[in-house]
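Read the structure below first, then the notes.
This chain uses plain numbering: 1 for the first residue, then up along the sequence.
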Amino acid sequence: DPEHNARAFDVEGYFLTGDLGALDAAGRLHFRGRLKDLIKAGGINISPLEVEEYLMTHPKVQYAAVVGLPDAVKGEVPVAAVELRAGAAATAEEIRGFCRGHIASYKVPVQVVFLRPDEFPRTNTGKLQKTELREVMAGHLRSSAVL
């Protein structure tokens, strides 16, 4: 498909993967997420991976995924899906409070939805499907009259 190929390669012939990365002082490349997953909130790009990594340092959090959901003012806002560790209990405000003062205020999820492991949409290989997760999150927030 010549049209797809033209979009997939830059003028120098490099394949554009859509992955974001950073080189450290030793020249090692560190994966920082996917370009299409960036949350664009009021003109600021937010890396969901950065927020997810911080959320998973909370002692009660087993897993976290962050997506952008539509916002009338900012365009998008970060929203977190959180799976708690077995036997743990937490509130959305507790999770948001854990973030305040430790990550930039614009990166703090505006909403936190607690999901069971089976509610995270995954491919057959176990990869999280962020597009479907946005739909799951929007449904949860609509049903709770938050969105």
side-chain hydrogen bond (donor to acceptor under 3.5 Å, both in side chains) involving [X] - partner list, sequence neighbours excluded:
{"X": "K107", "value": "E50"}
{"X": "T123", "value": "T125"}
{"X": "Q62", "value": "R85"}
{"X": "N45", "value": "none"}

Exercise. Would you please classify the geometry between the H58 ring and the F98 ring as parallel, tilted or perpendicular, with 30° and 60° separating the classes?
Key: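 F98 and H58: perpendicular rings.
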Considering residues at least two apart in sequence or located in another chain, which fulfil the salt bridge (charged side-chain N to carboxylate O under 4.0 Å, His left out) criterion with [X]?
{"X": "D1", "value": "none"}
{"X": "R116", "value": "D118, E119"}
{"X": "E83", "value": "none"}

Quiz prompt | E132 with K127: basic N within carboxylate O range, under 4.0 Å | solution =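 Salt bridge flag = no for K127 with E132.
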Self-check item: Heavy-atom pair of closest approach, residues P48 and K130
Solution: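 Between these two residues, the closest heavy atoms are CB-NZ, 3.6 Å.
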Exercise. List in chain and number order the residues that pass side chain to side chain contact (heavy atoms under 4.5 Å, CB included) with P78, two or more places apart in sequence or in another chain; answer none if no residue qualifies.
Key: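 Residues passing side chain to side chain contact (heavy atoms under 4.5 Å, CB included) with P78: I39, I46, V66.
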Quiz item: Considering residues at least two apart in sequence or located in another chain, which fulfil the side chain to side chain contact (heavy atoms under 4.5 Å, CB included) criterion with A26?
Solution: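 Only D24, R28 meet the side chain to side chain contact (heavy atoms under 4.5 Å, CB included) criterion with A26.
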Would you indicate whether the side-chain heavy atoms of [Y] and [X] approach each other to under 4.5 Å?
{"X": "V82", "Y": "V113", "answer": "no"}
{"X": "I95", "Y": "E93", "answer": "no"}
{"X": "V51", "Y": "P109", "answer": "yes"}
{"X": "T131", "Y": "V67", "answer": "no"}

Quiz item: Which pairs count as ring pair (Phe, Tyr, Trp, His ring centres under 6.0 Å) when at least one residue sits in residues 72-93, sequence neighbours excluded?
Solution: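 Listed once each, the pairs would be none.
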[X] [atom1] to [Y] [atom2] distance, which is reported to the nearest 0.5 Å:
{"X": "L55", "Y": "C99", "atom1": "CG", "atom2": "SG", "answer": "4.5 Å"}
{"X": "E53", "Y": "T57", "atom1": "CD", "atom2": "OG1", "answer": "10.0 Å"}
{"X": "H140", "Y": "E135", "atom1": "NE2", "atom2": "CD", "answer": "12.5 Å"}

Self-check item: Summary of salt bridge (Lys or Arg N to Asp or Glu O under 4.0 Å) pairs that have at least one residue in residues 54-77, sequence neighbours excluded
Solution: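 Sorted result for residues 54-77: K60-E94.
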Quiz prompt | Contacts of Y63 that satisfy ring pair (Phe, Tyr, Trp, His ring centres under 6.0 Å) - sequence neighbours left out | solution =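 So Y63 forms a ring pair (Phe, Tyr, Trp, His ring centres under 6.0 Å) with F120.
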